[in-house]
Amino acid sequence: MDVKNILGLNKKIQSEYNRGVASMPENKNLINALTDRLIEVLSQRVEKEVPQNGKFSPISVSYTIPDTQNKAKVAIEYDALEPKNTRRLSISSFRMGSDRLFTTYILKGTKQEILDYISKPEFHSEVIQKAKHLSAKVDDYYLENF
């Protein structure tokens, strides 16, 4: 699920810019808005779609990282070794139209531990920092190999 589609940010920002109502936002403001919305949607989806116990279909929320061809994706899935009680929270970056994914795991715990973690204010800056870092790795990979 791409957050920009939910937000309608691209159309709204472009429309306001074209009408002279607003200037184009700085990337810092845009990435903050996208990350806020990502966390909000992720929290809602975890509440509704992640069971306390057992296996479930992985869920993810993503957005396009400003000024790149890359997306950031935060995902939750069950732990392969302990699917009954344990969930894994990860963040990834990938080039749009590609299946090469750079991922780092953030947390392993119960559904409640995941919800508690993503509600912390520090999670916002962690998503931005890790998304930018992984996006740079994606860019490096494509510079070196293509």
Side-chain angles (χ1 to χ4, degrees), residues 1-17 21-53 56-83 85-146:
M1 172 179 290
D2 191 319
V3 173
K4 274 193 180 177
N5 294 335
I6 295 170
L7 273 176
L9 273 181
N10 280 346
K11 291 178 185 173
K12 180 181 179 216
I13 290 168
Q14 193 63 47
S15 172
E16 289 177 354
Y17 175 72
V21 174
S23 60
M24 289 299 274
E26 295 177 23
N27 286 337
K28 183 178 180 182
N29 293 335
L30 180 57
I31 201 165
N32 280 326
L34 290 169
T35 303
D36 286 342
R37 186 64 177 143
L38 177 138
I39 292 169
E40 180 183 337
V41 171
L42 183 67
S43 295
Q44 292 169 358
R45 291 194 67 197
V46 170
E47 280 284 346
K48 293 177 184 175
E49 298 175 40
V50 174
Q52 292 292 339
N53 299 322
F56 61 96
S57 295
I59 63 167
S60 67
V61 183
S62 65
Y63 62 76
T64 303
I65 300 168
D67 289 334
T68 73
Q69 298 175 353
N70 305 329
K71 285 192 159 220
K73 176 176 87 168
V74 178
I76 298 178
E77 60 191 357
Y78 64 86
D79 182 66
L81 299 175
E82 207 179 318
N85 299 316
T86 308
R87 281 74 185 94
R88 286 185 172 263
L89 176 67
S90 64
I91 186 164
S92 305
S93 184
F94 60 96
R95 176 77 39 106
M96 291 182 278
S98 169
D99 60 354
R100 177 163 286 277
L101 198 66
F102 289 81
T103 303
T104 187
Y105 285 99
I106 299 172
L107 180 69
K108 178 178 169 180
T110 64
K111 175 182 176 176
Q112 192 56 53
E113 289 170 335
I114 299 281
L115 283 169
D116 292 344
Y117 189 80
I118 62 179
S119 68
K120 291 181 180 180
E122 306 87 54
F123 183 63
H124 179 274
S125 58
E126 184 177 7
V127 168
I128 292 171
Q129 183 259 333
K130 289 186 185 302
K132 287 180 177 180
H133 175 75
L134 292 169
S135 180
K137 286 185 162 240
V138 170
D139 290 340
D140 290 346
Y141 172 79
Y142 282 97
L143 278 173
E144 291 173 9
N145 294 297
F146 296 99

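Any value given below was found using the heavy atoms of this structure, including those in side chains, with hydrogens, waters and symmetry copies removed. Values in this document were obtained by computation on a predicted structure and should not be read as measured data.
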Self-check item: Check against side-chain hydrogen bond (donor to acceptor under 3.5 Å, both in side chains), Tyr141 and Arg100
Solution: CA-CA 10 Å; Tyr141 172 79; Arg100 177 163 286 277; 3.1 Å; yes
Gap between atom [atom2] of [Y] and atom [atom1] of [X] - 0.5 Å precision:
{"X": "Glu77", "Y": "Leu89", "atom1": "CD", "atom2": "CG", "result": "10.0 Å"}
{"X": "Glu126", "Y": "Ile118", "atom1": "CD", "atom2": "CD1", "result": "11.5 Å"}
{"X": "Leu134", "Y": "Thr104", "atom1": "CG", "atom2": "OG1", "result": "6.5 Å"}
{"X": "Ile59", "Y": "Glu49", "atom1": "CD1", "atom2": "CD", "result": "5.0 Å"}
{"X": "Ile91", "Y": "Leu107", "atom1": "CD1", "atom2": "CG", "result": "13.0 Å"}
{"X": "Asp36", "Y": "Ile128", "atom1": "CG", "atom2": "CD1", "result": "7.5 Å"}

Using every non-hydrogen atom in the two residues, find where [X] and [Y] come nearest and quote the distance to one decimal.
{"X": "Pro66", "Y": "Leu30", "result": "CG-CD2, 3.8 Å"}
{"X": "Val50", "Y": "Lys111", "result": "O-NZ, 2.7 Å"}
{"X": "Ser60", "Y": "Arg45", "result": "O-NH1, 2.8 Å"}
{"X": "Ser92", "Y": "Leu101", "result": "CB-CD1, 3.7 Å"}
{"X": "Ser90", "Y": "Thr103", "result": "CB-CG2, 3.9 Å"}

Exercise. Check for a donor-acceptor pair, side chain of Thr35 on one end and backbone N or O of Asn32 on the other, with a separation under 3.5 Å.
Key: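 Judged by distance alone, no pair lies under 3.5 Å.
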Practice problem: Measure from the side-chain N and O atoms of Arg87 to the backbone N and O of Pro51, and report whether any donor-acceptor pair falls under 3.5 Å. | Solution: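 Such a contact is found between Arg87 side chain and Pro51 backbone.
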Practice problem: Please step through side-chain contact (heavy atoms from CB on, under 4.5 Å) for the pair Leu42 and Ile76, ending with a clear verdict. | Solution: CA-CA 9 Å; Leu42 183 67; Ile76 298 178; 4.2 Å; yes
Practice problem: Take Val61 and Val74 through the side-chain contact (heavy atoms from CB on, under 4.5 Å) test and state the conclusion after the steps. | Solution: CA-CA 6 Å; Val61 183; Val74 178; 5.6 Å; no
Practice problem: Only pairs at least two apart or in different chains count here, so list each ring-ring contact (aromatic ring centres under 6.0 Å, His included) that has a residue in residues 110-130. | Solution: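 As it turns out, the ring-ring contact (aromatic ring centres under 6.0 Å, His included) pairs with a partner in residues 110-130, which skip direct neighbours, are Tyr117-Phe123.
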Quiz item: Between Ser135 and Asn70, does any side-chain donor sit less than 3.5 Å from a side-chain acceptor?
Solution: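 There is such a pair between these side chains.
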Practice problem: Would you sort out whether Arg95 and Thr68 count as a side-chain contact (heavy atoms from CB on, under 4.5 Å), showing the intermediate values? | Solution: CA-CA 9 Å; Arg95 176 77 39 106; Thr68 73; over 6 Å; no
Take atom [atom1] in [X]; do more than 12 heavy atoms of anything else shown fall under 6.0 Å from it?
{"X": "Phe94", "atom1": "CZ", "answer": "yes"}
{"X": "Gln69", "atom1": "CD", "answer": "no"}
{"X": "Lys132", "atom1": "NZ", "answer": "no"}

